[in-house]
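What follows is a set of notes on a single structure, which appears directly below.
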There are 2 protein chains.
Amino acid sequence: MAGPGRGVTIADVAARAGVAASTVSYVLSGKRSISPETADRVMQAVADLGYHPHAGARSLASRRAGVIAMMLPLRDGMHLPVLMQFASGAVTEARRHDQDVLLMTADEGPAGLARVAASAIVDGLILMDVEVRDPRVETLRRLGLPSVLIGFPADAEGLTCVDLDFTAAGSVCADYLAERGCGDIALLGASEAVYARRTGFAERVREGFLGRSGARAEVWPCPDEPVSVQRTVKELLAANPALTGLAVHNEPAVGHVMHALADAGKRVGEDFHVVVIGPDEVAERVHPQLPSVLVPAETLAETAVRHLMRKLDGLDVPDSTLVEPQLTVR
Amino acid sequence: MAGPGRGVTIADVAARAGVAASTVSYVLSGKRSISPETADRVMQAVADLGYHPHAGARSLASRRAGVIAMMLPLRDGMHLPVLMQFASGAVTEARRHDQDVLLMTADEGPAGLARVAASAIVDGLILMDVEVRDPRVETLRRLGLPSVLIGFPADAEGLTCVDLDFTAAGSVCADYLAERGCGDIALLGASEAVYARRTGFAERVREGFLGRSGARAEVWPCPDEPVSVQRTVKELLAANPALTGLAVHNEPAVGHVMHALADAGKRVGEDFHVVVIGPDEVAERVHPQLPSVLVPAETLAETAVRHLMRKLDGLDVPDSTLVEPQLTVR
DNA sequence: TTCCTCAATCGAAGCGCTTCGACAAGCTTC
DNA sequence: GAAGCTTGTCGAAGCGCTTCGATTGAGGAA
């Protein structure tokens, strides 16, 4: 089935179907009407020969590469499983649109964007984990390369952005704890470093949380290291002995928080309630398992890819898309 | 700096440097000798115009795309962070060789391989998480697409494979426990499903472990779910009350194993020792933190990419490369 | 019947690059 | 000082595809 060695070309297909090469092209692209009989013969030849158009030739002639780039952050502190879900979700969705995905890392920075734009190796771009002040954003605007951002930079004017509705996520957590009858509650947030970097994202959770729970709630940033986590939790409990509910928005800390609570004699799920903002595994791998609001990586990826496809087709898309958070109770 | 709108071509560079287009090409590729003065002028023009060769045109003319594909598994049970490390390691290394990386998912299967091979969209391929009986392997052989596999299929004849030396990893764990003075020890392995799928990998750990520790060791498969883990550990302890050391080769189970041991009154790090085969975070996010042998994803990825580059350059590479395990004590 | 339209197809002209052969100079080498 | 090498450069021929007229024949309108 591999054909006669290397390289089945459109000419081979045309010869076998007894038509011109351009006709084959039109059958495949559907850009001009072709009689059903001819189309059938062509498709048969395509199948017989196992023909796939040469990507380079196609991109050269049509000015469409059929590839989109995805730039992932590599920084410490990013939660890897979420990135991976994101990447695979994007690939899966892209394939539905007959596109491939080129993987880039954020350390290529603006120069990397310029490179892929100029070399026309991709038609568009998805930029993950965009920060409030992101040097890539300006380059992106200048290049005019069709793109979708995950996250919201300070100035999102004219850009297409997608993200989880973190404000709503904060509210959902506050509501959950309220429903469990918790009076005084707190939000244990990310490390200071994360707050410093992406105010937008952490701040929005905070606002959503406080907005719903009012004066009886407080927010504490929280470091990642086990010992510091334990200390932070102790301080939190000491500062507010009436505390009965906690939302944790800090993946690596969850396990240690649970330990600290156990040490302090809190029985989670009974006289004390905890809800996690983070991936499923984190909430599942502690005892007892916790309810959680996950970052819906796959949904975000799919949305981003779909929006990018629309832009490539010249259709318009909303500037800003917020995905609703979903609480999973365990 | 963005040049006069879209598309700086080699002709623009040639005109600005006052040479023929072919000369620019030779300067850039180094395939013919060019006088230093001319080369300088050309490079200056390239920089001035921000020229990057059109990837499609280049691939069409040179029959080299400058892109490699990486096919990642998406199956449940794969540990996502490791995949992500792998992917980013591969991208980083590939960029050092001026190559880009196309991301594919294993669910495209053999047809996906045929597609990328026929469309010449990539020059070579890295296949992750190859199983003992992998349907992609036969296709790969038939296509003759340069490739490197991570993992060892049953018949690796003529293929280039790279993997962690799992046998050595098993031995390292046994040695560690022996050094801590543990007499009776056990290996708590992966779930039955994993064993069923990739005998090679799990079996080799087992052999390494048993080979070093002899008759006083035993191997138990272990499911992923919290409750089953707890039960398995209880049974294990009941079956061998003299047990003082445990190697755990099952990422999701580690946290629950620690709980079960605590429940059974074992003080890990004092009268009982545990070592993990798995990623750092898993060993770090339990209390106390555990020593571990990690799957060196980045190293494997780099090695795989380097081997693939050599193959693309027509150099030869070893059929089989085993990376030495490294024990991290915490 | 003649003219016009429309559907179906063909042929040729590129897309931007690499590479091959040719060709001037400037060197050796006897 | 003619013959032969090198070295540096150019021009042209493609790589395999898409796309833009042009062309043909059939059907409908007049």
Side-chain angles (χ1 to χ4, degrees), chain A residues 3-43 45-46 49-67 98 115 117-121 123, chain B residues 3-43 45-46 49-67 98 115 117-121 123:
Chain A
R6 281 307 133 66
V8 179
T9 74
I10 199 172
D12 300 331
V13 175
R16 180 175 246 258
V19 298
S22 51
T23 302
V24 175
S25 179
Y26 286 125
V27 170
L28 261 25
S29 71
K31 292 192 178 170
R32 282 195 185 178
S33 68
I34 297 287
S35 72
E37 303 79 48
T38 307
D40 282 354
R41 246 180 318 129
V42 168
M43 292 313 287
V46 165
L49 299 175
Y51 170 71
H52 291 272
H54 186 288
R58 184 206 278 270
S59 129
L60 183 55
S62 70
R63 338 202 112 251
R64 272 278 221 145
V67 180
D98 261 301
R115 179 178 69 84
S119 66
I121 195 174
D123 301 322
Chain B
R6 281 309 132 66
V8 179
T9 74
I10 199 171
D12 300 330
V13 175
R16 179 173 245 263
V19 298
S22 51
T23 302
V24 175
S25 179
Y26 286 125
V27 169
L28 261 25
S29 70
K31 293 194 176 170
R32 281 196 186 177
S33 70
I34 298 286
S35 71
E37 302 80 49
T38 306
D40 282 354
R41 248 180 315 131
V42 168
M43 291 312 287
V46 166
L49 300 175
Y51 170 70
H52 289 272
H54 186 289
R58 186 206 276 273
S59 129
L60 182 55
S62 70
R63 338 201 112 254
R64 271 276 220 145
V67 180
D98 262 299
R115 179 178 69 85
S119 66
I121 195 175
D123 301 321

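Lettering of chains follows the sequences in order, A, B, ..., and the numbering in each one begins at 1.
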Separation of [Y] [atom2] from [X] [atom1] (nearest 0.5 Å):
| X | Y | atom1 | atom2 | value |
| --- | --- | --- | --- | --- |
| A/S59 | B/L60 | OG | CG | 9.0 Å |
| A/I34 | A/S25 | CD1 | OG | 9.5 Å |
| B/H54 | A/I121 | NE2 | CD1 | 10.0 Å |
| B/S35 | B/E37 | OG | CD | 4.5 Å |
| B/R58 | B/I10 | CZ | CD1 | 9.0 Å |

Just to verify, what does A/R115 make a side chain to side chain donor-acceptor pair (under 3.5 Å) with, not counting sequence neighbours?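 So A/R115 forms a side chain to side chain donor-acceptor pair (under 3.5 Å) with A/E108, B/D100.
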Between [atom2] of [N] and [atom1] of [X], the distance in whole Å:
| X | N | atom1 | atom2 | result |
| --- | --- | --- | --- | --- |
| A/I121 | C/dC17 | CD1 | P | 14 Å |
| A/I10 | D/dC17 | CD1 | C1' | 6 Å |
| A/L28 | D/dC17 | CG | P | 10 Å |
| A/D123 | D/dT18 | CG | C1' | 15 Å |
| B/L60 | C/dT19 | CG | C1' | 13 Å |
| A/R64 | C/dC15 | CZ | C1' | 16 Å |
| A/Y26 | D/dC17 | OH | P | 15 Å |
| A/R58 | D/dC15 | CZ | C1' | 16 Å |

Compute the angle between the rotation axes at the two ends of the helix from C/dT1-D/dA30 to C/dC30-D/dG1, each taken over five pairs, rounded to 10 degrees.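 Both end axes considered, the difference amounts to 40°.
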Quick one: is [N] close enough that its OP1 or OP2 comes under 4.0 Å of any side-chain N or O from [X]?
| X | N | value |
| --- | --- | --- |
| B/S35 | D/dG8 | no |
| A/S25 | D/dT18 | yes |
| A/R63 | D/dT18 | no |
| A/T23 | C/dC10 | yes |
| B/Y51 | C/dC17 | yes |
| A/K31 | D/dT19 | yes |
| A/T38 | C/dT9 | yes |
| A/S33 | C/dA8 | yes |

Tell me, with the steps shown, if B/Y51 and B/L28 meet side-chain contact (heavy atoms from CB on, under 4.5 Å). CA-CA 11 Å; B/Y51 170 70; B/L28 261 25; 3.7 Å; yes
Counting side-chain heavy atoms from CB outward, which of [options] is closest to [X]?
| X | options | result |
| --- | --- | --- |
| B/P53 | D/dC17, C/dC10, C/dC17 | C/dC17 |
| B/T9 | C/dA22, C/dC15, C/dC17 | C/dC17 |
| B/H54 | D/dC17, C/dC17, D/dT19 | C/dC17 |
| A/R32 | D/dA22, D/dC10, D/dT18 | D/dA22 |

How far apart are the closest heavy atoms of B/A17 and B/R41, and which atoms are they?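 Nearest heavy atoms, B/A17 then B/R41: O-NH1, 2.6 Å.
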Starting from the 5' end of DNA chain C, give me the residue, A/P36 or A/S22, whose nearest nucleotide shows up first.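 Looking at DNA chain C, the more 5' nearest nucleotide goes with A/P36.
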